[in-house]
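Here's the structure we're looking at; comments come further down.
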There are 2 protein chains.
Amino acid sequence: MDPHLLRTFVAVARLGSFSAAARELGYTQSAVSQHIAALEHDLGAPLLGRRPVAPTPVGARLLEHAGPLLLRLDAARADIARLTSAPTDRLAIGATPLGAAELPGALAAVRRAHPGLVVTVRVLGRESVAREVATGALDVGLVDGMAAPTDPLHMGEATPLTSARVTEQPLAVALPAGHPLAGRPGLRLADLTDAQWIDAPDTGIPLAQLRRAVGGDGFRPALRYKGDDVRALVGLAAAGHGLTVLPTPALEGMAGVTAVPVGQPRVVHRTETLHAARTGDTAAELVAALTAAVAG
Amino acid sequence: MDPHLLRTFVAVARLGSFSAAARELGYTQSAVSQHIAALEHDLGAPLLGRRPVAPTPVGARLLEHAGPLLLRLDAARADIARLTSAPTDRLAIGATPLGAAELPGALAAVRRAHPGLVVTVRVLGRESVAREVATGALDVGLVDGMAAPTDPLHMGEATPLTSARVTEQPLAVALPAGHPLAGRPGLRLADLTDAQWIDAPDTGIPLAQLRRAVGGDGFRPALRYKGDDVRALVGLAAAGHGLTVLPTPALEGMAGVTAVPVGQPRVVHRTETLHAARTGDTAAELVAALTAAVAG
DNA sequence: ATGGTCCATCAGTATCACTGATGGACCGGT
DNA sequence: ACCGGTCCATCAGTGATACTGATGGACCAT
């Protein structure tokens with residue numbers, strides 16, 4: 001179970017092709033074939049069906065382990081690298097679309113204090129932010145999600161990252177103007193499990209989180225939105241393509257939708273910073289600015 | 001950062017000696033020296049001071065990563081092995097000293113249903129139980145600890161194990177008979193931070209857990225008890241060597257001590273099962289018996 | 001001084017991890 | 001049915017590597 005072999009394995013499984021994985025990893029196809037053969041011999045079971053190339057049950061199980069494992073390995077590398085290399089005048093920030101809303105103010109303060117600082121901001125999905133922060137590609141992450149009041153967001157837990165609360169805001173369901181429920185003072189999520197939903201896993205609240213909060217099945221997506229623009233998502237909701245849950249402030253002033261607060265369960269929209277246990281000065285300042293501005 | 005090299009590194013750090021690590025790992029001393037040199041070259045920083053052999057700051061950081069990493073790797077191996085190998089008529093159980101109290105009843109039911117079953121029971125510390133269950137050396141673990149009512153025990157989290165509640169019992173401080181506080185109806189832990197404590201990390205509640213629950217420093221150990229016999233620990237408390245916190249039922253009928261309930265903070269003694277996500281039949285039955293008997 | 005222990009280094013070798021070439025299986029087009 | 005194209009498996013060859021065993025320098029206790 002050499003990490004190299006695991007890496008090729010996940011690449012092959014993801015791409016569904018030995019040759020493509022070889023191209024991506026800079027090996028020959030022959031080498032990839034031998035990697036998989038070595039892994040299968042080592043574990044004593046076939047991991048991939050060939051033609052088409054798809055994981056066997058054992059392979060699927062190995063994939064579940066391999067992801068977190070390789071992530072931890074990269075995270076360890078990155079952590080040590082941070083510890084040994086000199087601090088830079090570079091600050092890479094990653095944020096989910098809704099999390100990014102909190103950034104401008106705090107970032108201004110940091111840039112004022114460090115005029116030469118080269119700042120990069122990227123907008124990504126939750127898991128991507130966590131992964132990139134863990135591997136050191138990002139210095140600070142801003143992620144958002146749904147949680148019980150004062151509870152931390154429940155991230156992947158596969159890597160040891162420090163997190164701190166930035167904001168907690170009420171949640172609302174975005175209903176098309178004129179929707180029968182639009183007049184209600186509040187809504188119970190449990191009553192909406194069978195409604196038409198938009199799944200926007202990288203923009204708003206993923207339906208999986210609603211499902212977990214309510215504890216049922218349901219929340220079947222009628223439409224899947226893959227972009228990360230909030231306005232476009234609200235536009236879809238306004239046109240009646242389905243419901244979506246967003247923090248109330250993000251829905252203010254949005255045309256065509258009525259925001260009805262989520263009454264039950266008691267949940268809030270929470271934004272958190274994410275950063276490595278040990279981090280650079282400017283990153284620490286940004287986190288302090290982000291958490292202080294609102295928590296104070 | 002080859003796992004082999006990491007393994008050698010942790011062995012050298014633990015033993016404080018290249019030669020001893022070589023002996024333990026079945027390498028020559030030369031190989032161990034080369035392993036460490038390779039790691040240090042790879043990470044670009046010295047990891048171990050020589051003479052005496054002790055981790056540098058960077059090495060210490062690497063150690064923090066290496067432990068969980070290797071554990072996860074072993075856990076993955078074990079999980080796949082469980083998946084590919086045939087079920088056996090062998091059941092290995094590990095329990096902390098206080099957790100073991102819950103075992104006999106449930107185990108009897110399982111052995112009655114499976115007459116040929118070869119059962120092994122080992123008593124270990126919390127972390128050891130978790131580690132051995134993760135790596136497949138144990139099928140089922142029974143661990144105990146302190147937690148807020150209905151909250152799960154907060155284990156290492158480095159590995160993905162399933163846990164389920166077995167019991168929750170009130171906690172009491174064991175005071176020597178005739179102690180000034182022995183007449184009290186209840187005690188606040190916060191008032192006892194400066195008392196004389198016995199630290200019995202593998203038997204009762206480790207002082208670190210008290211410290212976390214109360215949120216202060218204090219709870220300095222006056223005596224450290226390394227055994228795993230509860231009666232001996234209570235004997236020490238009775239003789240006035242220090243205080244210790246134990247579940248009330250474990251203190252019933254113990255001579256020489258008075259059990260005074262812990263009033264604040266609101267915590268309970270909790271026992272949980274620990275097992276791999278996917279496990280054998282007999283292990284699943286034992287867990288069911290353990291959790292059903294009391295939770296029902 | 002001296003013998004003992006410890007770690008670093010070096011040369012030598014057996015193994016291993018790649019590449020590049022080849023072959024068989026399948027697939028779609030004509 | 002044939003044929004070019006793609007895909008994965010296999011094999012021989014080779015350059016790298018991961019060990020061992022021997023040696024040497026540093027330190028320590030006697």
Side-chain angles (χ1 to χ4, degrees), chain A residues 1-60 62-63 66 69-70 73-74 76-77 84, chain B residues 1-60 62-63 66 69-70 73-74 76-77 84:
Chain A
M1 293 226 333
D2 183 329
H4 290 127
L5 305 190
L6 285 181
R7 215 151 237 142
T8 18
F9 174 61
V10 303
V12 171
R14 176 166 42 82
L15 298 169
S17 156
F18 284 50
S19 319
R23 246 168 281 134
E24 179 173 298
L25 298 169
Y27 288 128
T28 46
Q29 172 266 321
S30 170
V32 169
S33 186
Q34 290 175 46
H35 278 186
I36 302 299
L39 254 186
E40 293 186 326
H41 174 83
D42 181 26
L43 298 177
L47 300 172
L48 291 167
R50 321 295 152 101
R51 209 171 313 268
V53 173
T56 62
V58 178
L62 181 61
L63 273 179
L69 223 112
L70 295 173
L73 199 69
D74 293 343
R77 264 216 109 78
T84 55
Chain B
M1 293 229 330
D2 182 331
H4 290 127
L5 304 190
L6 284 182
R7 214 150 237 143
T8 319
F9 174 61
V10 303
V12 171
R14 175 166 42 82
L15 297 169
S17 154
F18 284 49
S19 319
R23 247 168 281 135
E24 180 173 299
L25 298 169
Y27 289 128
T28 50
Q29 171 267 319
S30 170
V32 169
S33 187
Q34 291 174 46
H35 278 185
I36 302 299
L39 254 187
E40 293 186 326
H41 174 84
D42 181 26
L43 297 177
L47 300 172
L48 291 167
R50 321 296 152 100
R51 213 171 307 273
V53 173
T56 63
V58 177
L62 181 61
L63 273 179
L69 214 91
L70 295 173
L73 200 67
D74 293 342
R77 262 215 109 80
T84 55

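Order of the sequence lines fixes the chain letters, A, B, ..., with proteins taken first and strands second; residue numbering starts at 1 for each chain. Predicted, not measured: the structure shown is a model, and the values here were computed from it.
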When every non-hydrogen atom of A:His35 is compared with those of A:His4, the smallest separation belongs to ND1-O, 4.4 Å
Rounded to whole Å, the CZ-P distance (A:Arg23 to D:dT6) equals 10 Å
query: Got a donor-acceptor pair under 3.5 Å from the side chain of B:Gln34 to the base of D:dT20?
result: yes
Side-chain heavy-atom pair B:Arg77, A:Asp42 within 4.5 angstrom cut-off: yes
Whole-Å distance, B:Leu47 CG to C:dC7 C1', equals 16 Å
Could you check whether B:His4 gets within reach of a base, just the sugar-phosphate, or nothing at all, counting any heavy atom under 4.0 Å? nothing
Against the side chain of A:Val53, the closest entry in D:dC19, D:dC8, C:dC7 is D:dC8
>> What I want to check is whether an N or O donor and acceptor connect the side chain of A:Ser19 with the base of D:dT6 at under 3.5 Å.
In response: no
Taken to the nearest whole Å, CG/B:Asp2 to C1'/C:dA17 is 13 Å
* Under-4.0 Å side-chain N/O to phosphate OP1/OP2 contact, B:Tyr27 with D:dC19 -> yes
Practice item. Would you indicate what A:Val32 reaches in the nucleic acid, counting non-hydrogen atoms under 4.0 angstrom: base, sugar-phosphate, or nothing? Key: nothing
Among the nucleotides D:dC8, C:dC7, D:dC19, whichever has the atom closest to the side chain of A:Ser33 is D:dC8
note: A:His41, atom NE2; C:dC16, atom P; distance rounded to Å ~ 11 Å
Rounded to whole Å, the CD1-C1' distance (A:Ile36 to C:dA17) equals 15 Å
note: A:Glu40, atom CD; D:dC8, atom P; distance rounded to Å ~ 13 Å
In whole angstroms, the gap separating P of D:dA18 from CG of B:Asp42 amounts to 11 Å
Output for pair (A:Phe9 CZ, A:Leu70 CG), nearest 0.5 Å, gives 11.0 Å
In this structure, CZ of B:Arg23 is separated from OG of B:Ser19 (nearest 0.5 Å) by 6.0 Å
| said: Let's test your reading of the model: under 3.5 Å, does the base of D:dT10 pair with the side chain of A:Ser30 as donor and acceptor? | reply: yes
One should read off an interatomic distance between A:Thr8 OG1 and A:Leu39 CG, to the nearest 0.5 angstrom, of 6.5 Å
In whole angstroms, the gap separating P of D:dG5 from CD of A:Gln29 amounts to 18 Å
